[in-house]
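Single-structure report; data block below.
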Amino acid sequence: MPQKSLVWLASYPKSGNTWTRVFLANYLFHRETPMPINEVHRIGMGDAISAAYARVAGGRPFDPTDHRQALALRPRMLQAVVANDAHVNFVKTHNADEAAFGVPLIPRPLTRSAVYIVRHPLDVACSYARHYAMTPERALQDMTRADNVVVGDAKSVPQYLGSWAGHMRSWTRHRDFPVLILRYEDLIAAPEEAFAKLLKHIGVPVDQERLVRAVRFSAFEEVARQEATAGFIEKSDNAERFFHAGGTGKWRGQLDEAAAAAFVEQNAKAMAARGYTL
């Protein structure tokens with residue numbers, strides 16, 4: 001019987017997933033100095049890493065751009081993750097909690113719980129645009145498409161995002177495993193309180209001194225400093241840097257007002273559910 005050990009760290013792209021993982025790495029490894037951002041993967045892998053699929057391909061050639069081959073290998077790849085018999089295996093994902101071509105992306109038999117990080121979609125659009133080398137207005141269009149997919153490349157297999165609102169609904173609806181919802185804006189406004197909720201959710205005791213230090217070691221200024229010094233392996237080839245600005249409300253002055261208003265009108269219900277407005 002497979003171990004239900006997967007704890008999904010889920011989000012739409014550019015919503016705070018990396019920040020959350022940097023915090024966890026600093027807290028769990030309990031170092032006296034900040035955890036190098038290029039070692040954050042040690043607390044858990046991403047579910048789109050091409051090399052992980054190639055390892056379970058049984059010696060056959062693997063093409064990460066072939067979505068059908070990647071989906072066929074996905075159950076085997078996730079089984080390999082839980083095969084270590086650990087009680088918790090963190091897995092980063094940008095996939096919606098849906099099925100793709102009949103394959104469940106988030107299999108219940110292996111899932112222990114999830115953390116879902118959500119961010120104001122207009123701020124997401126600006127970061128998404130930089131990451132994928134497009135205009136913010138094009139990013140907003142992508143974020144309304146139910147068939148929005150990040151295509152595979154040498155580093156990553158295809159990722160099935162869907163629309164921003166649909167992605168959020170897929171992870172926050174009633175389900176059969178616990179989901180903690182964290183707002184990016186709350187992580188900024190009250191990081192110690194928000195990250196303490198995260199630790200309690202995953203069953204890790206909260207030590208206040210350790211918490212304060214992990215928050216400081218994962219602050220934007222620290223990770224940006226590290227990236228400037230040593231680079232960041234998760235940076236997109238399309239972007240000058242991964243840690244660009246952080247903060248909230250950065251979309252003002254970057255997004256066309258009419259495009260922003262149209263997106264908000266179309267997604268008003270989903271945005272209001274998380275306290276987001278224009």
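- A side-chain donor-acceptor contact under 3.5 Å links Arg213 and His30.
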Report all side-chain donor-acceptor pairs from residues 262-275 shorter than 3.5 Å, counting only partners two or more places apart or in another chain.
unit_1: Asn267; atom_1: ND2; unit_2: Phe263; atom_2: O; d: 2.9

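- Listed by first and then second residue, the salt bridge (Lys or Arg N to Asp or Glu O under 4.0 Å) pairs that reach into residues 157-168 come to none, sequence neighbours excluded.
- Among pairs with a residue in residues 42-62, those fulfilling side-chain hydrogen bond (donor to acceptor under 3.5 Å, both in side chains) read Glu39-Arg42, Asp47-Arg74, Asp47-Thr93, Asp47-Asn95, Tyr53-Arg74, at least two apart in sequence or across chains.
- Here side-chain hydrogen bond (donor to acceptor under 3.5 Å, both in side chains) pairs that include residues 193-207, with residues two or more places apart or in two chains, number zero.
- For Glu185, the side-chain contact (heavy atoms from CB on, under 4.5 Å) partners are Arg119, His120, Arg183, Thr248, Tyr276, not counting sequence neighbours.
- Scored by the side-chain contact (heavy atoms from CB on, under 4.5 Å) test, Pro158 finds His67, Ala70, Val149, Tyr160 as partners (sequence neighbours excluded).
- Residues that satisfy the side chain to side chain donor-acceptor pair (under 3.5 Å) test with Arg169, not counting sequence neighbours, are absent from this structure.
- For Asn26, there are no side chain to side chain donor-acceptor pair (under 3.5 Å) partners two or more places apart in sequence or in a different chain.
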(request) Kindly indicate, with the supporting measurements, whether the criterion salt bridge (charged side-chain N to carboxylate O under 4.0 Å, His left out) is fulfilled by Arg175 and Asp97. (result) CA-CA 10 Å; Arg175 62 188 57 261; Asp97 181 10; 2.5 Å; yes

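- Scanning for side chain to side chain donor-acceptor pair (under 3.5 Å) contacts around Arg31 gives Thr33, with sequence neighbours left out.
- With sequence neighbours excluded, the residues that form a side-chain contact (heavy atoms from CB on, under 4.5 Å) with Pro107 are Trp8, Leu78, Pro109, Leu110.
- For the side chain to side chain donor-acceptor pair (under 3.5 Å) test, residues two or more places apart in sequence or in another chain that qualify with Thr65 are Asp63.
- Annotation: side-chain hydrogen bond (donor to acceptor under 3.5 Å, both in side chains) contacts involving residues 137-146, sequence neighbours excluded, comprise Arg138-Asp142, Asp142-Arg145, Arg145-Asp147.
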